[in-house]
S.K.: 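Take this structure, written in structure tokens, and hold onto it; I'll ask about it next.
Within every chain, numbering begins at 1; the chains are lettered A, B, ... in the order of the sequence lines, protein sequences first and strands thereafter. Everything numeric here is computed off the predicted structure, so don't read it as measured data.
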Protein chains: 2
Amino acid sequence: MKTITQLFKSLSDPTRIRIIWILQFGGELCVCDLMAVLELPQSTVSRHLAYLRNAGLVDDQRKGVWMYYRLPEHVNDIIAEILAVVRLTGKDSEQAAMDQHRLKAYLREKRAGTC
Amino acid sequence: MKTITQLFKSLSDPTRIRIIWILQFGGELCVCDLMAVLELPQSTVSRHLAYLRNAGLVDDQRKGVWMYYRLPEHVNDIIAEILAVVRLTGKDSEQAAMDQHRLKAYLREKRAGTC
DNA sequence: TCACTGTATCCGCATAAGCAAATATTGCAA
DNA sequence: TTGCAATATTTGCTTATGCGGATACAGTGA
């Protein structure tokens, strides 16, 4: 019961929905990538990621100093369904399109080796 | 964007999840039916129903003094998917089973003509 | 019209959640 | 080990949300 409401609560914030849209589009990204796309301070992004991690909606993996986040690959039916719904909502979202555009531009200019 | 987060926010409360489970099981019910099953005061139940109505997750219909609530029949893909997810979560929920049991007992004793 | 019942909304309060700066932690390299 | 960069967590503040009693509104019947 608490798990389910926690799951929905973690999706009831626009920033967290945006993070999932961005990860669905961009695959694996580190915190500073997300900071650039979301245009939000580090502590804010990190806290939202912790929220999503606790709900089982993202996986994290440390690579040196960088923490990379991505959507989980092996999930139960409920989370899979929910991620499908979120993807559906992103299809005709202006915000999702803007974030995808900003991510593409950011990745194009990003130099190798930097975060 | 706001619509989506509002949708998830309306599902981030245990009482509202319970209401949807109860309606999935019991069909069309009025506010006092739900008060009996949820064991919550009228103002609380009504407010949660308003939340769900605004999110498009329940339909209401007045019949005399009574307001009947049920799940919407014709919904878009997103709401249909979300209701399916909620149903899925109810399958192995002890709370859902308890509420179903209480609803059955309540309907058995309820006299015709009373709310 | 008036009284009554069922439901919706308002109000004040308590709790929860978001924000961003500050601080702590982690891992790498010198 | 020391210093630095990336990230996580803490802190203090502000805002949002839930609660239930009180009140307002709507429909029915006398």
S.K.: Within this structure, what is the CG-to-P distance between A:L49 and D:dT9, rounded to whole angstrom?
M.R.: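 My rounded result for the distance is 11 Å.
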
S.K.: Is there a donor in the side chain of A:R53 and an acceptor in the side chain of A:Y69, or the other way round, less than 3.5 Å apart?
M.R.: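 The criterion, which ignores hydrogens and geometry beyond distance, is satisfied for A:Y69 and A:R53.
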
S.K.: Rounded to the Å, how far apart are A:K63 NZ and C:dC28 P?
M.R.: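 Interatomic distance, NZ of A:K63 to P of C:dC28: 13 Å.
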
S.K.: Check the distance between D:dA8's P and A:Y51's OH and give it to me in whole angstrom.
M.R.: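 Distance, rounded to whole Å: 17 Å.
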
S.K.: Looking at C:dA20, I'd like to know if its phosphate oxygens (OP1 or OP2) sit under 4.0 Å from a side-chain N or O belonging to A:T44.
M.R.: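 Indeed, a polar side-chain atom of A:T44 lies that close.
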
S.K.: For the side chain of B:K9, counting heavy atoms from C-beta on, which of D:dT17, C:dA17, D:dA6 is nearest?
M.R.: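 That would be D:dT17.
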
S.K.: Just to confirm, is there a sub-4.0 Å distance from OP1 or OP2 of D:dA8 to any side-chain nitrogen or oxygen of A:Y69?
M.R.: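 Yes.
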
S.K.: Considering only side-chain heavy atoms of B:V65, which listed nucleotide, C:dG18, C:dT5, D:dT7, is closest?
M.R.: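 It is C:dT5.
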
S.K.: On DNA chain C, nearest-nucleotide positions of A:P41 versus B:D60: which is more 5'?
M.R.: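 Closest to the 5' end, via its nearest nucleotide, is B:D60.
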
S.K.: Describe the nucleic acid contact of B:R47 in one word from base, sugar-phosphate, nothing, applying a heavy-atom distance below 4.0 Å.
M.R.: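 Here B:R47 touches the bases of the nucleic acid.
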
S.K.: Would you mind telling me which of D:dG20, C:dT9, D:dA8 lies closest to the side-chain atoms of A:R53?
M.R.: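 Out of D:dG20, C:dT9, D:dA8, the nucleotide with an atom closest to A:R53's side chain is D:dA8.
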
S.K.: Could you tell me if A:D33 and A:Y106 have a donor-acceptor pair between their side chains, going purely by distance under 3.5 Å?
M.R.: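 Result is yes, a qualifying pair exists.
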
S.K.: Could you give the CE-to-C1' distance, from A:M35 to C:dA20, as a whole number of Å?
M.R.: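 The distance from CE of A:M35 to C1' of C:dA20 comes to 12 Å, rounded to the nearest Å.
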
S.K.: For A:H48 versus A:D13, what's the shortest heavy-atom pair and its separation?
M.R.: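 Minimum heavy-atom contact is CE1-OD1, 3.4 Å.
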
S.K.: Let me check something: do B:L103 and B:L49 share a hydrophobic cluster, defined by ILVMFWY side-chain heavy atoms less than 4.5 Å apart, either directly or through other members?
M.R.: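 Yes: a chain of side-chain contacts under 4.5 Å links B:L103 to B:L49.
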
S.K.: Can you tell me if B:Y68 touches the phosphate of C:dT7, counting only side-chain N or O atoms and a distance under 4.0 Å to OP1 or OP2?
M.R.: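 B:Y68 to C:dT7 OP1/OP2: no side-chain N or O under 4.0 Å.
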
S.K.: Using whole Å, what does the distance between atom C1' of nucleotide D:dA6 and atom CG of A:D33 come to?
M.R.: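 These atoms are roughly 12 Å apart.
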
S.K.: Report yes if a side-chain nitrogen or oxygen of B:H48 is closer than 4.0 Å to either non-bridging phosphate oxygen (OP1 or OP2) of D:dT17; otherwise report no.
M.R.: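 Checking B:H48 against D:dT17: no side-chain N or O falls below 4.0 Å of OP1 or OP2.
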
S.K.: Rounded to whole angstroms, how far apart are CG on A:L29 and C1' on D:dA6?
M.R.: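 About 15 Å, once rounded to whole Å.
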
S.K.: Would you mind telling me which of A:L52, A:I19, A:L71 makes a side-chain contact (heavy atoms from CB on, under 4.5 Å) with A:L57?
M.R.: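 Going through the options one by one, the only one that passes is A:L52.
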
S.K.: Tell me the interatomic distance from A:L11, atom CG, to C:dG18, atom C1', rounded to whole angstroms.
M.R.: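 After rounding, the reported distance stands at 16 Å.
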
S.K.: Does a side-chain heavy-atom distance below 4.5 Å link B:L11 with B:I20?
M.R.: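 Contact flag for B:L11/B:I20 side chains = yes.
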
S.K.: Check every atom of D:dC19, D:dG21, D:dA6 against the side chain of B:T15 and return the nucleotide holding the closest atom.
M.R.: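 Between D:dC19, D:dG21, D:dA6, the one nearest the side chain of B:T15 would be D:dC19.
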
S.K.: Measure the distance from CZ on B:F8 to P on D:dT17 and round it to the nearest whole Å.
M.R.: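 Interatomic distance, CZ of B:F8 to P of D:dT17: 16 Å.
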
S.K.: Using only modelled atom types and a 3.5 angstrom limit, is any donor from either the side chain of A:Q42 or the base of C:dA20 paired with an acceptor on the other?
M.R.: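 No.
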
S.K.: Looking at the side chain of B:M67, which of D:dG27, C:dG18, C:dT7 is the nearest nucleotide?
M.R.: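 Selected nucleotide (nearest to the side chain): C:dT7.
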
S.K.: For the side chain of B:D13, counting heavy atoms from C-beta on, which of C:dA17, D:dG18, D:dA8 is nearest?
M.R.: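 When the side chain of B:D13 is considered, D:dG18 is the closest of C:dA17, D:dG18, D:dA8.
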
S.K.: Counting heavy atoms from C-beta on, name the nucleotide in C:dT7, D:dG20, C:dA22 closest to the side chain of B:S43.
M.R.: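 Closest nucleotide among those given: D:dG20.
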
S.K.: Of all the nucleotides listed (C:dG6, D:dT7, C:dA8), which has the minimum atom distance to the side chain of A:S46?
M.R.: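 For the A:S46 side chain, the nearest candidate turns out to be D:dT7.
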
